Amino acid sequence: MSAYFQLTSVAVSLLLSMSGAFASSMNEMSGQQLYTNGVKADYLAGFHSQKVNASCNTCHPSGTVSDSEREIDKNCQSCHGSYLQMGEKDKSNGLAISAHQGHLSINSCTTCHQGHTASFAYCNNCHIFNMPMKFGRAKVPFVPEDLSYYKNAVPNHEETTDVVIVGGGGAGMVAAIELRKAGKNVVVLEKMPILGGSSLLATGGMNVVGSPQQKEAGVNDDVGTFVKDSLKLGKQQNDKALIQTLGEQSLDAYKWFEDLGGHLDLQKGKTGGTTHPRQLYTKTGGIGRYMVEVMEPALMKSGADVRVNSKVVKLVQNADGAVTGVLVKGKHSGLYQINVKVVILATGSYANNGKLVAQHNPQFDGIITTAQPGSHGDGLQLGGNAGAQINHLERVQIHPNAAAGTTIMITQAIRNNGGILVNRSGKRFVDDQAARNKLGPEILKQQGSSAFLIYNDEVVQKRKKVHEGYVKLGFVKEGATPEELAEKLGLPKEAFANTIKQYGTYFDNKSDPDFNRKELLSSMRGKLYAIEVIPGIGGTLGGLKANPSMQVLDKDGKAISGLLAAGEVVGEWHGMDRYGGNAVTGNIVFGKIAAQTALKSLQN
């Protein structure tokens with residue numbers, strides 16, 4: 001009987017296996033028919049099924065799909081070529097705007113091209129390009145989510161690692177690289193389909209005290225002066241301990257970046273009226289793109305487990321309140337839990353959460369933002385739900401230079417290298433080098449709530465790559481004379497010409513009696529260029545309360561065990577206004593500190 005049942009069992013198993021394979025085959029055929037001539041025939045998978053006779057296994061050889069979808073990207077690129085090669089094809093085909101040559105660190109086809117749903121142009125979350133997408137639509141918005149929905153959610157499986165870093169922007173990448181150097185197991189979880197966060201959009205520079213570039217230029221700088229300048233711009237509301245730490249470690253942060261293969265040059269002009277030139281920049285264009293291009297390969301080479309399309313929706317805590325894990329919502333894997341010893345929140349700002357911004361600043365309801373589309377304040381929700389102290393969400397940084405009609409930030413370097421602002425009357429109305437939180441409100445007071453950023457070839461020579469990029473995007477109008485430019489802009493010719501001529505005499509005399517601008521770096525003579533600009537929320541200044549070791553503090557000022565933070569999710573260190581260049585420095589300084597604190601925790 002035993003042998004009979006054993007034989008019967010094998011037979012049944014074999015039959016089930018065969019029927020399962022048959023069912024699977026039938027399901028694939030049925031599924032494929034949906035894309036051949038069914039309701040999904042106009043999606044990308046349908047095109048492949050109809051035109052090249054591809055089956056489901058062509059793109060999904062293993063039958064499963066990872067959240068990062070890298071195996072699909074590999075198959076896409078085996079047929080179509082790499083992201084860079086596609087960009088070269090666009091260039092040879094004469095395309096004025098090529099998504100494949102964009103400034104973001106997109107290196108995956110699936111960021112935009114979806115097989116089973118409508119594809120979309122990720123670029124149009126910031127730009128407003130006429131970029132028709134095959135098999136899709138122009139844009140899919142990324143919207144904030146109430147994470148309290150997951151309070152009692154149950155994971156479908158659990159994993160274990162040493163450290164989880166929530167957020168794959170500048171600070172998160174730095175922390176991960178440092179932890180991997182020490183041999184720790186690290187999982188980086190980024191909810192967006194690409195890495196970089198708002199760091200990718202940074203257009204200014206990196207503030208460094210005592211850099212070799214300063215010394216070569218004869219600039220005698222020190223930490224005390226840096227702190228004084230930061231406090232001045234922050235209206236004395238900065239967390240002084242964090243600013244002190246930032247200044248003290250800024251030089252080591254730059255050396256860290258150099259060790260990865262990066263190099264920056266000294267911006268000769270002062271920024272925001274500070275004491276010394278100390279901002280370093282790249283001649284290749286936006287500093288954010290350049291720094292991510294240097295750091296992302298180092299991150300991937302480090303061996304960190306990097307997962308995009310992976311949103312952390314909850315911090316797991318034990319009975320004592322210590323953070324012991326995260327609950328993750330993967331694009332394909334669903335809800336799962338990672339048990340850890342340390343979590344580092346590097347989730348960025350809440351600048352793209354209009355409801356949260358308006359809740360604390362009703363006057364900014366509906367204002368645009370230049371932050372990346374996923375800047376929803378997830379870290380504030382996660383930390384707040386875990387008992388973290390959250391301060392000063394009313395503090396937001398207004399960037400005065402977004403290209404009108406877009407959410408694209410125009411670098412302040414155009415102004416700092418000599419550009420001026422004029423209104424629709426053709427006149428200057430403010431110190432063009434004033435702090436950003438002063439310039440933004442002043443622009444909003446002008447007719448049309450916008451201004452024109454005017455500059456000449458003297459400025460172009462200092463930021464040629466950046467200028468060429470703005471020309472390519474269609475932002476720039478130009479004129480051989482003030483009168484010609486005024487006509488193109490719709491400004492009163494005589495008034496505008498007088499403004500330009502008068503500013504030229506101010507340049508000659510090195511004195512601005514109208515607005516007391518300190519640095520006059522351009523004569524405004526010769527060919528002129530103009531970009532219409534509007535204010536937008538460039539970043540946020542409030543957030544989680546953290547100490548100089550990047551430990552997140554609870555409402556009583558005590559460190560929450562197992563929880564660290566770095567980057568823009570940490571509040572108060574900027575004060576009431578952000579000193580341009582401090583955020584980029586802070587990504588490295590505080591990302592490194594968070595990693596060092598995590599290492600100490602792992603040793604205990």
Side-chain angles (χ1 to χ4, degrees), residues 95-106 111-112 120-131 138-139 141-142 169 192 194 196-205 281-282 284-292 348-349 351-352 354 364 366-375 396-416 419 421 436 439-440 443-444 448-455 459-460 463-478 529-540 578 580 583-584:
L95 290 183
I97 300 296
S98 167
H100 300 106
Q101 289 185 312
H103 63 96
L104 296 183
S105 63
I106 299 175
T111 297
C112 298
F120 64 96
Y122 186 87
C123 312
N124 280 333
N125 283 284
C126 295
H127 296 273
I128 307 176
F129 290 146
N130 180 20
M131 189 180 293
K139 175 181 176 180
F142 292 88
M192 304 302 284
I194 65 172
S198 285
S199 296
L200 274 170
L201 307 179
T203 58
Y281 78 106
T282 173
T284 64
I287 189 169
R289 174 188 179 182
Y290 174 62
M291 296 191 83
V292 171
S349 78
N352 228 317
F364 295 143
I367 193 172
I368 68 160
T369 178
T370 59
Q372 66 100 359
S375 297
V396 297
Q397 182 246 314
I398 302 299
H399 195 291
N401 292 355
T406 77
T407 60
I408 306 303
M409 184 165 54
I410 302 299
T411 177
Q412 65 178 357
I414 299 294
R415 284 185 291 104
N416 289 330
L421 294 168
R436 290 180 288 192
L439 290 175
I443 292 175
L444 288 173
S449 298
S450 71
F452 295 95
L453 176 60
I454 311 295
Y455 57 104
V459 178
V460 170
R463 285 300 176 94
K464 189 174 181 180
K465 286 286 187 181
V466 172
H467 165 74
E468 290 172 347
Y470 296 151
V471 171
K472 185 177 181 180
L473 290 172
F475 297 159
V476 183
K477 293 186 178 180
E478 57 186 57
Y529 307 90
I531 301 175
E532 185 177 1
V533 294
I534 57 176
I537 298 172
T540 52
R578 186 165 66 193
V584 172

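Predicted, not measured: the structure shown is a model, and the values here were computed from it.
Rounded to the nearest 0.5 Å, atoms OG1 (T407) and CG (N125) are 8.5 Å apart. One distance of note links OG1 of T203 with CD1 of I408; it measures 10.5 Å at 0.5 Å rounding. In this structure, the separation between CD1 on I537 and CD1 on I368 is 9.0 Å, given to the nearest 0.5 Å. Here OG1 of T406 is found 8.5 Å from CG of L473. Values are rounded to the nearest 0.5 Å. The structure places CD1 of I443 at 9.0 Å from CG of L453, a figure rounded to the nearest 0.5 Å. Taking CD1 from I534 and CD1 from I410, the interatomic distance works out to 10.5 Å, rounded to the nearest 0.5 Å.
With sequence neighbours left out, the side chain to side chain donor-acceptor pair (under 3.5 Å) criterion links Q397 to R578. A search for salt bridge (Lys or Arg N to Asp or Glu O under 4.0 Å) contacts involving E478 returns K527, not counting sequence neighbours. For R415, there are no side chain to side chain donor-acceptor pair (under 3.5 Å) partners, not counting sequence neighbours. Listed by chain and residue number, L264, T284, I287, Y290 satisfy the side-chain contact (heavy atoms from CB on, under 4.5 Å) test with T282 (two or more places apart in sequence, or in another chain). Among residues two or more places apart in sequence or in another chain, the ring pair (Phe, Tyr, Trp, His ring centres under 6.0 Å) test is passed with F142 by Y122. Applying the side-chain contact (heavy atoms from CB on, under 4.5 Å) criterion to S449, with sequence neighbours excluded, gives L444. Partners of Y529 under the ring pair (Phe, Tyr, Trp, His ring centres under 6.0 Å) rule, at least two apart in sequence or in another chain, are Y455, H467. Applying the side chain to side chain donor-acceptor pair (under 3.5 Å) criterion to T370, with sequence neighbours excluded, gives no partner residue. S375 is linked by a side-chain contact (heavy atoms from CB on, under 4.5 Å) to S198, S349, N352, A371, Q372, counting only residues two or more places apart in sequence or in another chain. For R463, the side chain to side chain donor-acceptor pair (under 3.5 Å) criterion is met by Q267, not counting sequence neighbours.
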*asked:* Show, in sequence, the C-alpha distance, side-chain angles and deciding distance for N401 and I414, and conclude whether the side-chain contact (heavy atoms from CB on, under 4.5 Å) test is met.
replied: CA-CA 10 Å; N401 292 355; I414 299 294; 5.8 Å; no
*Pair Y470-T411, side-chain contact (heavy atoms from CB on, under 4.5 Å): steps then yes or no*: CA-CA 10 Å; Y470 296 151; T411 177; 3.5 Å; yes
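Here the shortest heavy-atom pairing between I398 and G440 reads CG2-CA, 3.8 Å. Nearest heavy-atom pair, A451 versus L421, reported as atom, atom and distance to 0.1 Å: CB-CD2, 4.5 Å.
M192 is listed as a side-chain neighbour of P373, based on a closest heavy-atom distance under 4.5 Å.
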